[in-house]
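To keep things clear, I will list the structure first and then write my remarks on it.
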Amino acid sequence: MNRPPGPDPADIPALPPACPHRRDMGLPDGPRLTPAELHAMENERLLAAWEEYERTYGPLFTLHGDGTAPRVYISDPRAIRGLFIGNRTVWGARGTRYFRPVIGAQALPYLTGEAHRAVRLLLAPALHGDRVRALGPALDDIITSALDALRGTSVPLVDLTRDITLRLIVRVAFGPLGDERRTDCVRLLTEIMDLMYEPAASPDADTATVLRRVTGRVHELQELVAQEAGVVRAGEARHRDDLLFHLAAGEAAQTDEQIRGHIMTLLIAGHDTTAGVLAWALYQLELHPRTRRRVRAELDAIGAAPAAAEVVRLPYLNAVCAEALRHSSVVPAGLARIVPEDLEWAGHRFPAGTELVPAIHLVHRRPDLYPDPERFDPDRFLDRKPTGAHYLPFGTGSRRCPGAELAEFELPLALARLLQTPGLRLTGAEPGLHALKNGPTMTTPPSLRVALDDRASPQPPRGQGSPS
Ligand code: HEM
């Protein structure tokens, strides 16, 4: 792994003063939209509208709406690099508006500056290194149990992948919860997400509407978190390595409200995302049998029951995951950064309050960086570690996704295990399916389903299993 496709980001100069999309000291050009147009654009027309505006206005364009701050979408890697990595501005944060009542205003996506940095440092140990690698056996057990439930039936593919990623993030957050508690937690989170993502909900749905939908369940989940924190504080749980233990009993012990915010943030941000990419990867492999056979051959070459550590090192499998992360646009944009005070930059003036958004989907569809960008082609990433401002599935700069390492462990392992499951079949995998909007993420449509043959023999034993 050494070199991403296209120019090395280190070689990309800061945006030159005479860049082609320079406008003299104003916001970049862009459309003025009515609230209804803005709503439609944020929902059913999301990606198509961005592509159209980029074609019309260039790689920096501004959406103007009545009563809302101007929002500038940026698909030029040099501009993304110059603004979000090479610039010392402490950006304000907007987070996703309709998550705020659920995870609380003190949660990571709404914090800025030092408070933001401190929370990221606090969460980091649970999401990196040995802690992540130790999750292999738990993920295997979760997949086995999800497949047992699927045997003889068929469900939308994303329901299966979501079940897997949700159970894993619950494991990361709470450690090995008792069966009843774990089932409650998974059920509550599923219900909360489903209510929030009903078609009527939109990123601009007002707080009261969102609260009415989910209040009861959010309180139940908060209560569950508080009770588990109580168990940790009472010293009934010892030597655990989960996030809750770290937050409630660690050196920087947190209040109940802070713990709830941090745990809820990770539970919500940490499963639909990975589930969407996993489903997209399976769909693409169904459409590309040669690619699928190549992954299978690589897996077969390491034996019938390889340990997680061996699987996640496989080069072609990793290239498939990297390409699925690029191609799926599961998180099509980074979090909006709010300009703290009037900013002049590369020939533009961004008034205080302007929202700057890394347009991840558009970067990943640039033909100069990814020739024939609609083609699913893992060879783009074979033996090349994709990094830098032109590969942004996890965003960039100080807000880069803190769960990236976990996701990059979970994705290849889960994909490998599912591909090696005898009798697992996708149905409805027609070419040209479009990802659907699912809150701030994108997902595969429900017509894409997965079934597990009733008569297929169960999975072979793997690595060294351990209870989850
Ligand atoms: C394939 C899976 C995932 C993708 C594609 C993804 C993508 C992203 C993106 C694009 C951002 C915004 C970054 C920016 O604006 O620069 C983000 C933020 C975030 N992600 Fe992820 N993510 C994934 C998995 C996870 C997981 C597993 C977790 C938790 C364990 C997680 C937790 C978060 C949090 C808490 C933030 C907010 C960070 C902040 O405000 O500082 N994500 N993610």
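Computed over heavy atoms, backbone and side chain alike; hydrogens, waters and symmetry mates excluded. Numbering of ligands and ligand atoms starts at 1, following listing order.
Salt-bridge check for D379 with R294: passed, with a basic side-chain N closer than 4.0 Å to an acidic carboxylate O. The pair E228-R181 counts as a salt bridge, with a side-chain nitrogen and a carboxylate oxygen less than 4.0 angstrom apart. Between R117 and E114 there is a salt bridge, since a side-chain N of the basic residue sits under 4.0 Å from a carboxylate O of the acidic one.
Residues Y391 and H364 place their aromatic rings such that the two centres sit under 6.0 Å apart.
Formation of a donor-acceptor pair under 3.5 Å by the Q106 side chain with backbone atoms of Q258 is not found in this model.
Listed by first and then second residue, the side chain to side chain donor-acceptor pair (under 3.5 Å) pairs that reach into residues 323-339 are W280-H327, E323-R326, E323-R380, S329-H361, sequence neighbours excluded.
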Every pair of nitrogen or oxygen atoms between ligand 1 and the protein that is under 3.5 angstrom apart - can you list them with their distances to 0.1 Å?
residue	atom	partner	partner atom	Å
ligand 1	15 (O)	L335	N	2.7
ligand 1	15 (O)	R337	NH1	2.7
ligand 1	16 (O)	R337	NH1	3.3
ligand 1	16 (O)	R337	NH2	2.9
ligand 1	16 (O)	T396	N	2.9
ligand 1	16 (O)	T396	O	3.3
ligand 1	40 (O)	R399	NE	3.3
ligand 1	40 (O)	R399	NH2	3.3
ligand 1	41 (O)	H116	NE2	2.6
ligand 1	41 (O)	R120	NH1	2.8

